[in-house]
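Comments concern the structure below.
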Amino acid sequence: MMSDKYDLQAVEAKWRAEWERPRVNGARVYAWNPTESRDTSYVIDTPPPTVSGYLHMGHIYSYTQTDLIARFQRMAGKNVCYPIGFDDNGLPTERLVEKVRGIRAADMSRADFIKICHEVVQESEQDFRNLFSAIALSVDWALEYQTISPHSMKTSQSSVLDLFNKGHLTRKPQPSLWDPADRTALAQAEVVEKEMPGFMWDVNFGLEGGGTVTIATTRPELIGACGALLIHPDHPKAGELLGRNAISPLYGVPVPILADEKADPEKGTGIVMCCTFGDTTDIEWWHQHGLPTRVIVDHSGRMTDMPEFGGADWPSVDLEKAREAIAALKGLTVKQAKTKVVELLEAAGVLGVKQEVKRMVPCAERSGAPLEIIVTPQWFVKVLDKKAALIEKGRQINWHPDYMRVRYEIWVENLKWDWCISRQRYFGVPFPFWYSKRPGEEGKILAAHPDDLPVNPLVDLPRGYEAHEVEPDPDVMDTWATSSVSPQINSHGVAEGMMIDPDRHAKLFPSHLRPQAHEIIRTWAFYTIVKAMLHEDKAPWQDIAISGWCLAEDRSKMSKSKGNVVTPHSLLEKYGADCVRYWTATSRLGLDTALSEDVLKIGKRLTTKLWNAARFVGGHIADLGDAPTTPKADAAAGLVTGALDKWILAKLARTLQTATDENAKYEYADALNAVERFFWDAFCDNYLELVKGRAYGDVGGEADKASARYALFHTLETVLRLFAPVLPFMTEEIYQGLFTARHDKAGSIHARGYWPKAEDMVIDEAAEATGDAAVAILAAVRKAKSLAKVSLKTPVARLTVAPGPSAPADVAALLAPVKDDLLFAGGVQEFAVVESLPEGGEALDTDDGAFRILAVLAAPAA
RNA sequence: GGGCGCGUAGCUCAGCGGUAGAGCACUACGUUGACAUCGUAGUGGUCACAGGUUCGAUCCCUGUCGCGCCCA
């Protein structure tokens with residue numbers, strides 16, 4: 001039995017709880033079955049949301065799109081493995097914790113800080129669980145993981161150990177991107193370019209043997225770190241300068257003048273200085289020309305006292321003056337130092353023109369601080385030597401939409417740095433390494449034994465060593481170093497010799513689908529491909545589905561600062577999960593979508609219509625029990641005899657075909673559209689009106705009525721299943737309410753294998769043509785009434801039908817099987833099929849051009 | 001500066017070689033026994049612009065302009 005009104009809140013709460021209870025053969029509806037083989041599985045590499053973020057519409061948008069795919073695959077018969085995880089380690093979480101608790105990691109013990117991180121993370125994870133449950137994600141909660149859990153740490157450390165053993169991981173002091181605010185190294189992907197106003201100064205260097213040379217620089221504070229001057233070989237002054245030494249101002253350091261094509265003769269004076277390190281070009285020159293390393297900025301972004309200055313590698317022609325400059329600058333931030341150096345240069349009379357320029361400054365994505373390039377020992381995954389192989393791996397994956405692959409390839413082609421995975425932070429996965437202090441092997445890297453993972457080198461020891469013999473590696477991994485093994489965290493294995501459960505790994509890796517957003521193609525997708533390739537020379541997934549962003553209604557980005565953020569909770573409360581899911585289902589993969597209340601209202605209209613149509617059908621099929629089998633079998637058994645009934649079943653079969661094909665291609669929006677059109681146009685607007693005469697017993701006999709009831713039964717049941725991935729709550733409520741006999745057998749409408757089957761459907765082409773004709777003529781009759789501005793109830797005294805331009809051969813024979821239904825639905829009193837319409841009266845063509853009709857309306861009732 | 005995507009009815013979008021589609025909005029009519037959270041019908045577009053290919057272009061090619069994103 002169904003109530004008149006759909007009680008949204010109560011129904012959603014009921015099924016949320018029910019789906020988590022063991023129901024189908026003792027298992028939960030969405031449970032993955034670990035005993036089955038890989039052949040029947042469908043494995044999803046779900047994005048673990050970063051718990052440091054706040055809940056926004058984007059989460060609903062992208063996670064629901066994945067859920068639509070998961071639900072289809074499950075209903076279509078796959079053993080779906082749909083895990084969920086939380087990315088809770090790393091710098092983003094540390095920053096969140098410092099903010100919400102008003103503390104600083106640097107002010108407390110490492111252990112205390114980590115403890116607080118765990119607390120904050122718990123609260124945040126519960127918010128996500130509630131949201132995901134509210135929108136009915138069909139994830140298997142038994143597969144939940146955290147990237148900071150011991151299991152994830154073990155997987156992540158196994159990964160690093162495997163890369164180390166295979167020679168893909170190196171640790172050496174080399175120039176690294178450094179965030180002086182958070183005091184940690186960063187990877188290329190965490191850099192954002194910000195346009196900042198600044199100045200370019202001309203500065204005069206002296207020349208050995210007399211004279212001066214003028215360079216242009218935006219970073220005069222680095223003059224002390226200068227190792228050479230560069231000039232383009234075609235520069236007019238190249239001839240006189242090349243081969244000579246310049247003398248840096250303030251410090252008096254002799255530096256060679258070298259030729260390089262990369263020194264832009266159009267920029268500034270056309271002569272630049274190369275320092276340790278102003279930018280990435282400096283690093284190239286430093287490598288290429290074998291320049292000395294001259295460090296003058298420390299890890300906190302302040303000027304050092306340059307202890308090596310004055311030595312053999314760092315000579316000066318005027319040590320005393322240089323020491324004055326060093327003393328004046330020591331301890332200043334880079335920014336303060338810039339001002340001071342300019343003053344000193346001015347006082348020394350070597351400062352030339354100052355020009356205002358806008359420049360792009362590389363900054364840390366998280367802290368926003370301008371980056372320095374500092375030489376520190378860091379762990380790098382070697383990727384620069386593998387660009388071609390990485391692009392090839394990307395091409396083995398099906399990208400949806402395909403053009404997103406280009407973004408990946410462009411990123412790989414433009415890589416400038418190996419992947420730096422070490423961070424000088426606290427809340428993360430530690431490296432499973434120590435450095436030996438044993439005499440004779442000082443500095444040797446000692447790796448943990450795979451069986452001992454996870455290890456904390458600050459507490460644990462490498463096999464065979466005493467505490468006093470080792471120095472632990474103090475760093476933690478970047479959060480991407482762990483999230484990049486999300487498929488392996490779920491599959492419980494990384495590589496040969498690094499397996500927790502080889503059987504499970506073989507079943508779950510590679511996964512079938514990676515869903516994710518496009519802005520992290522260069523990070524998460526890229527890093528995951530790197531890991532899978534280096535560990536097992538595999539692509540990590542078969543398909544990758546890229547979702548777009550959820551924009552505000554005006555198509556601008558939602559952001560707190562703009563105040564245009566719509567929270568998921570307000571929408572869920574107002575419209576319910578089914579309507580919100582409907583909104584996400586209407587836009588395809590890859591496209592950004594504006595949040596639209598209009599679309600939500602359409603969803604509302606659809607669910608209301610579905611509820612009411614089901615109430616109507618329910619009234620006519622209640623006593624059928626589970627006597628109906630399948631449309632095909634019931635038709636073959638002579639239970640479905642009406643032409644219109646065969647017509648709606650044929651349209652249903654075609655709709656199923658489209659919906660199945662589109663869903664299999666991840667085109668859930670096209671699938672939904674096909675089902676919606678069938679439900680609204682064919683079923684509600686036409687079939688239900690045409691079938692009422694027989695359903696209520698006003699037309700035909702018992703067999704005709706039974707035929708109608710069987711067709712109503714099958715059509716509604718199938719439509720519910722087709723809508724089930726998009727509207728899980730309402731379809732379950734109706735299904736459990738009306739199809740109780742079937743529900744006893746199998747459980748939830750969302751159960752595995754519940755997608756309708758093409759082989760159970762039946763298409764009768766003759767009946768289809770007859771039904772199409774009935775629908776076209778009914779529409780023309782309605783149009784005649786609408787044009788006459790009368791009620792649709794107004795009877796038609798006489799309806800005459802003649803062949804139109806594209807008429808079928810025998811109109812009378814075609815219409816015969818539906819004549820009674822048609823006349824009843826149209827309120828027609830007298831009916832005739834003729835060769836051509838009589839003169840006079842307003843004839844109408846049907847939309848398909850098959851017929852011309854003349855409807856003479858009865859006088860309206862008084 | 002490079003790459004990618006997008007510009008179709010007032011709005012949100014589909015179509016992608018053969019006389020322009022849907023929903024919303026708007027207008028008119030209508031409470032018909034599932035539904036007024038409704039029904040039926042209608043109005044509405046030189047498919048951003050300019051060239052080219054073709055018998056024929058919204059659809060393919062080239063260029064221009066505008067918007068968005070990614071990367072320098």
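Quick note on labels: first sequence line is chain A, next is B, and so on, each numbered from 1.
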**Study point:** Inter-residue atom distance Arg581(A).CZ - Thr64(A).OG1, 0.5 Å rounding
**Key:** 5.5 Å
Sugar-phosphate, base or nothing in reach of [X], heavy atoms under 4.0 Å:
X         : value
Glu689(A) : base
Ile602(A) : sugar-phosphate
Arg588(A) : sugar-phosphate
Lys692(A) : base
Lys609(A) : base
Trp583(A) : nothing
Asp4(A)   : nothing
Ile521(A) : nothing

Same-atom distance ([atom1]) from [N] to [M], integer angstrom:
N       : M       : atom1 : answer
rG44(B) : rC69(B) : P     : 37 Å
rU40(B) : rU46(B) : C1'   : 32 Å
rA22(B) : rG15(B) : C1'   : 11 Å
rG66(B) : rA50(B) : C1'   : 15 Å
rG2(B)  : rU62(B) : P     : 16 Å
rC26(B) : rG10(B) : C1'   : 9 Å
rU43(B) : rA9(B)  : C1'   : 11 Å
rC47(B) : rG21(B) : P     : 14 Å

Exercise for review: Evaluate the ring planes of Tyr527(A) and Trp419(A), with Trp represented by its six-membered ring, and classify them as parallel (under 30°), tilted (30 to 60°) or perpendicular (over 60°).
Suggested key: parallel
Taking only the side-chain heavy atoms of [X] (C-beta and beyond), determine which of [options] contains the nearest atom.
X         : options                   : value
Lys789(A) : rG39(B), rC29(B), rG15(B) : rC29(B)
His518(A) : rA41(B), rG33(B), rC69(B) : rC69(B)
Asp685(A) : rG3(B), rC69(B), rU40(B)  : rU40(B)
Asp598(A) : rC24(B), rU12(B), rG42(B) : rC24(B)
Leu591(A) : rA14(B), rC70(B), rA41(B) : rA14(B)
Ile410(A) : rG3(B), rG42(B), rA72(B)  : rG3(B)

Salt bridge between [X] and [Y], side-chain N to carboxylate O under 4.0 Å?
X         : Y         : value
Asp4(A)   : Arg615(A) : yes
Lys387(A) : Glu413(A) : no
Asp821(A) : Lys692(A) : no

How many whole angstroms separate atom [atom1] of [X] from atom [atom2] of [N]?
X         : N       : atom1 : atom2 : value
Asn673(A) : rC24(B) : CG    : P     : 13 Å
Asn612(A) : rU32(B) : CG    : P     : 17 Å
Lys604(A) : rU12(B) : NZ    : C1'   : 20 Å
Leu610(A) : rU37(B) : CG    : C1'   : 14 Å
Arg522(A) : rC69(B) : CZ    : P     : 14 Å
Arg677(A) : rG23(B) : CZ    : C1'   : 7 Å
Glu597(A) : rC24(B) : CD    : P     : 16 Å

Check your understanding: Is the charged tip of Arg407(A) near the ring of Trp399(A): under 6.0 Å from the six-membered ring centre and within 45° of its axis?
Key -> no
Assigned partner base of [N], Watson-Crick or wobble definition, under 3.5 Å:
N       : answer
rG17(B) : none
rU40(B) : rA28(B)
rC47(B) : none
rG23(B) : rC11(B)
rG56(B) : none

If only side-chain N and O atoms of [X] are considered, is one of them under 4.0 Å from the OP1 or OP2 phosphate oxygen of [N]?
X         : N       : result
Trp611(A) : rC38(B) : no
Arg605(A) : rC24(B) : yes
Lys793(A) : rG30(B) : no

Check your understanding: Are Arg721(A) and Thr731(A) linked by a side-chain donor-acceptor pair shorter than 3.5 Å?
Key -> no
Review point. Is there side-chain contact between Trp680(A) and Arg605(A), with heavy atoms separated by less than 4.5 Å?
Key: yes
Review point. If you find the nucleotide of RNA chain B closest to Leu787(A) and the one closest to Asp681(A), which residue's nucleotide is nearer the 5' end?
Key: Asp681(A)
